[in-house]
Colleague: 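Below is a structure I'd like to ask you about.
Only a predicted model underlies this, so the values are computations on that prediction, with no experimental measurement involved. One is the number of the first residue; the rest follow in order along the sequence. Values below: every heavy atom of this structure, side chains too, minus hydrogens, waters and symmetry copies. One-based numbering, in listed order, for ligands and for the atoms of each.
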Amino acid sequence: MLKGRHLIEPGDLTLEELEEILSLADKIIVDPQSFYGVCRGKLLATLFFEPSTRTRLSFEAAMLRLGGKVLGFSDANATSTTKGESLADTIRTVSSYTDVIAMRNPKEGAALLASKYSLVPIINAGDGGHHHPTQTLTDLLTIRASKGGFEGHTIGFCGDLKFGRTVHSLAKALSRYKNNKFILISPPELGIPDYMISEVFEKNNIPYTINERLENVIGDLDILYMTRVQKERFFNEQDYIRLKDSYILNNEKLKLAKKNMIILHPLPRVNEISPEIDSDPRALYFKQVQYGMYARMALIAKLTGAL
Ligand code: NCD
């Protein structure tokens with residue numbers, strides 16, 4: 001039963017519940033118009049304490065396309081947070097007005113905290129460098145549409161694996177399926193957190209390797225997940241400048257890849273994917289953008305009990 005539940009990280013959903021959401025999203029993709037009105041009379045709040053383009057707008061578009069309504073803020077400077085109000089009190093307040101809340105916050109654990117005080121479902125739209133489970137729904141929909149399923153893949157995560165919350169959530173989600181292998185491609189300073197290695201890969205006996213050079217491993221991959229270096233989480237600008245262009249995917253590197261490897265990126269991209277590869281059939285990051293709205297439509301419909 002998904003009605004009334006929170007989504008803070010991928011482990012909050014059983015594989016059956018995840019399948020329930022993804023298969024609803026598949027139906028919505030085929031005929032989005034027929035879902036208009038299922039959330040009539042319901043209200044979504046989008047509370048974004050951090051910048052966003054796709055995530056916030058796709059949540060809002062999703063609710064509007066379900067026939068519900070939206071309110072919220074995209075700049076916490078215009079809220080009582082600046083007067084010193086606690087997140088707990090903000091959530092107590094907003095959850096008194098609405099039926100479901102999508103929240104993004106720069107602090108790891110903020111969404112979990114919010115869920116303790118909320119009267120309605122909290123959807124984590126990103127908590128610092130921790131998790132971003134609705135991007136994972138989007139990524140999984142895209143992977144299944146092109147690869148047919150979630151088993152037996154070699155997945156390369158490339159870029160900022162330390163702060164990249166989309167990587168943490170997707171790796172956790174894919175580690176629950178059989179026969180996947182992970183290749184972690186990053187400079188040593190931006191390596192995946194130790195807790196991910198111990199709690200996700202080693203605990204579940206999942207094969208993983210670490211490599212600093214994309215060229216060395218790109219030929220082995222079925223899925224390449226590129227990420228942006230997360231500038232806003234660096235303490236020191238010099239480190240950012242030194243690391244920001246560590247990986248740039250271009251046509252030359254892509255020549256080494258399998259013909260059916262898919263390229264994903266949660267966006268926004270900065271320099272890490274050259275626009276010259278946008279027209280390559282393997283480049284699916286704009287497909288991900290489209291699927292994001294459908295995934296969120298399915299999730300909202302389930303958590304509000306509309307479907
Ligand atoms: C990602 C995020 O916010 O974590 N963006 C998104 O939601 N699609 C990735 C990023 O900002 O690099």
Side-chain angles (χ1 to χ4, degrees), residues 7-10 25 44 46-62 72-76 101-112 122-143 156-173 184-187 190-193 196 223-234 239-240 243-249 262-273 278 283-297 299-300:
L7 178 59
I8 311 301
E9 57 113 330
L44 163 78
T46 53
L47 309 187
F48 277 63
F49 296 85
E50 260 195 351
S52 168
T53 301
R54 275 153 294 273
T55 305
R56 185 174 61 83
L57 293 178
S58 67
F59 264 112
E60 297 191 356
F73 56 79
S74 53
D75 179 3
I101 296 176
M103 185 185 88
R104 171 173 288 184
N105 192 285
K107 293 208 178 85
E108 288 82 12
L112 182 62
I122 294 286
I123 304 174
N124 181 11
D127 63 324
H130 192 218
H131 276 292
H132 190 347
T134 63
Q135 181 64 44
T136 298
L137 295 177
T138 304
D139 301 339
L140 292 175
L141 262 189
T142 316
I143 290 171
F157 285 108
C158 178
D160 185 346
L161 312 189
K162 181 177 182 191
F163 297 115
R165 55 195 173 195
T166 62
V167 169
H168 306 157
S169 290
L170 182 59
K172 192 161 181 186
L184 307 169
I185 309 146
S186 74
L190 297 180
I192 204 157
M196 286 291 300
I223 300 168
L224 170 58
Y225 197 92
M226 294 293 294
T227 60
R228 166 181 78 90
V229 175
Q230 305 279 300
K231 181 179 183 195
E232 65 276 30
R233 312 217 190 279
F234 277 70
D239 285 347
Y240 171 69
L243 293 167
K244 73 183 171 72
D245 291 329
S246 299
Y247 303 100
I248 298 180
L249 184 63
I262 59 169
I263 306 157
L264 302 179
H265 190 308
L267 302 181
R269 68 172 149 184
V270 187
N271 277 332
E272 60 280 358
I273 293 186
D278 291 354
L284 297 189
Y285 28 92
F286 294 117
K287 192 95 197 148
Q288 276 170 284
V289 172
Q290 290 173 4
Y291 282 179
M293 182 180 74
Y294 299 123
R296 292 178 177 107
M297 284 174 79
L299 180 67
I300 292 169

Colleague: Any nitrogen or oxygen of P268, main chain or side chain, under 3.5 Å from a nitrogen or oxygen of ligand 1?
Modeller: no
Colleague: Near T55, which atoms of ligand 1 are under 4.0 Å from a heavy atom of that residue?
Modeller: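 Answer for ligand 1: 6 (C), 7 (O).
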Colleague: What about E232: any of its N or O atoms under 3.5 Å from an N or O on ligand 1?
Modeller: no
Colleague: Would you sort out whether R233 and E108 count as a salt bridge (charged side-chain N to carboxylate O under 4.0 Å, His left out), showing the intermediate values?
Modeller: CA-CA 11 Å; R233 312 217 190 279; E108 288 82 12; 5.4 Å; no
Colleague: How far is atom 4 (O) of ligand 1 from its nearest protein heavy atom, and which residue and atom is that?
Modeller: R165 NE, 2.7 Å
Colleague: Identify the protein heavy atom lying closest to atom 6 (C) of ligand 1, giving its residue, its atom name and the separation to 0.1 Å.
Modeller: L267 O, 3.4 Å
Colleague: Donor-acceptor pair, R228 side chain versus E272 backbone, under 3.5 Å?
Modeller: no
Colleague: List the steps, then state whether side-chain hydrogen bond (donor to acceptor under 3.5 Å, both in side chains) holds for H132 with S169.
Modeller: CA-CA 6 Å; H132 190 347; S169 290; over 6 Å; no
Colleague: Could you check which of H132, Q135, R233 puts a non-hydrogen atom nearest to atom 7 (O) of ligand 1?
Modeller: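 Looking at heavy atoms only, the winner is H132.
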Colleague: Give me the residue, atom name and distance of the protein heavy atom closest to atom 8 (N) of ligand 1.
Modeller: P266 O, 2.9 Å
Colleague: For F48, does the six-membered ring have the charged nitrogen or CZ of R104 within the cation-pi criterion, i.e. under 6.0 angstrom from the centroid and within 45° of the normal?
Modeller: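 Negative - R104 is either too far from the ring of F48 or too far off its axis.
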Colleague: Against heavy atoms of R228, which atoms of ligand 1 measure under 4.0 Å?
Modeller: 10 (C), 11 (O), 12 (O)
Colleague: Less than 3.5 Å between some nitrogen or oxygen of T166 and one of ligand 1, yes or no?
Modeller: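 N/O-N/O distance below 3.5 Å does not exist for this pair.
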Colleague: Tell me if a side-chain donor or acceptor on N124 pairs with a main-chain N or O of L7 at a distance below 3.5 Å.
Modeller: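 No, because the side chain of N124 does not come within donor-acceptor range (under 3.5 Å) of the backbone of L7.
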Colleague: Please verify whether a non-hydrogen atom of Q230 lies at under 4.0 Å from ligand 1.
Modeller: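 The answer is yes, since Q230 has a heavy atom less than 4.0 Å from ligand 1.
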Colleague: Under 3.5 Å, side chain of H168 to main-chain N/O of G129, donor-acceptor pair present?
Modeller: yes
Colleague: Is the side chain of T227 donor-acceptor paired with the backbone N or O of D160 at a distance under 3.5 Å, no angle test?
Modeller: yes
